[in-house]
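I have placed the structure first, in the form of structure tokens, so that the comments after it can refer back to it.
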Amino acid sequence: MRLNEARRDLYRRLAREQGYKSRAAFKLIEANERYEIIGPGYKVADFGAAPGGWMQVASQLAGPDGVVVGVDVSPIRLREKNVVSIKMDVHDPAVAEKVSKALGGKADVILSDLAPTVTGVWELDQTRQIDLTMRVLELARSLLKEDGVVFCKLFEGERSQEVRVFLKEMFRSVRVVKPAASRNESSELYYYCEGLKPAPPG
Ligand SMILES: C[S@@+](CC[C@H](N)C(=O)[O-])C[C@H]1O[C@@H](n2cnc3c(N)ncnc32)[C@H](O)[C@@H]1O
């Protein structure tokens, strides 16, 4: 067994043992230990949330006074009381209003682990993944509090530089995170962004 497969198996087993819907949960746990992304009472929007591992972690961190709203084209089935699941495409024009209503205001944190169904043709997969991320950044303009945080996945490739420039124009601080639980997917990185700048005129 290769090291990457062994690591993937380890996180899968850990997720099962700890009752998480996906091994992805550990990426958010690790990032949160480093950056304290989510705290008690936070309003959290999670895009590309199925099957719900990140939502479970966010739900625990936000606690009973917080709310976690997850959006995905696939169904999300969770028992936690402070979560709301929305089955919708992020490109749907109604998504911002739906999420805002479910949050009961603007978000303290926007999470995005969005990924297309991969074809194996990297340029195509990367372009699709970046389009999804750019859509979340567009939604963040209306959904995120001024002092809020975006934590989003990005497939690395030819278009990465374009997105990094965009992120730096949008936020005062942009930091790259590579969680240990993500090391096997060598071409995925996470970006922790805070300090939303005012939208450019026009
Ligand atoms: C890596 S998975 C997310 C895993 C999740 N963070 C967890 O912890 O369980 C990526 C998700 O993005 C979703 N997705 C892809 N394109 C989408 C779109 N256009 N709108 C909404 N969700 C989408 C997929 O259905 C998939 O569930």
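Both counts, for ligands and for their atoms, begin at 1 and track the order of listing. Keep in mind that this is a model prediction, so the values were computed, not measured.
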K153 heavy atom under 4.0 Å from ligand 1
yes
Here the pair of heavy atoms bringing K106 nearest to S142 is CE-O, 3.4 Å
Would you say the side-chain atoms of E123 and T127 include a donor-acceptor pair closer than 3.5 Å?
no
Ligand 1 to L132 polar contact by distance, N or O atoms, under 3.5 Å:
no
With atoms numbered from 1 as shown, which atoms in ligand 1 lie under 4.0 angstrom from a non-hydrogen atom of S22?
7 (C), 8 (O), 9 (O)
Taking only heavy atoms of S74, which atoms of ligand 1 are found under 4.0 Å from at least one of them?
25 (O)
Side-chain contact, heavy-atom cut-off 4.5 Å: Y20 with I29?
yes
Contacting atoms of ligand 1, where contact means under 4.0 angstrom from a heavy atom of L114
12 (O), 14 (N), 17 (C), 21 (C), 22 (N), 23 (C)
Students should be able to answer this: which protein heavy-atom is nearest to atom 11 (C) of ligand 1, and at what distance?
D72 OD2, 3.5 Å
Does any N or O atom in A24 lie less than 3.5 angstrom from one in ligand 1, N or O only?
no
Carboxylate-amine/guanidinium proximity below 4.0 Å for R135 and D89:
no
For atom 15 (C) of ligand 1, tell me which residue out of A115, P116, G48, G52 has the closest non-hydrogen atom.
A115
The ring pair (Phe, Tyr, Trp, His ring centres under 6.0 Å) partner of F151 among F47, Y35, Y190, F171 is Y190
Under-4.0 Å heavy-atom contact with ligand 1, by part of P51 that carries it
both
If the contact criterion is a heavy-atom separation under 4.0 Å, does M88 count as touching ligand 1?
yes
Judged on heavy-atom distance to atom 19 (N) of ligand 1, which of V136, D92, D89 sits nearest?
D89
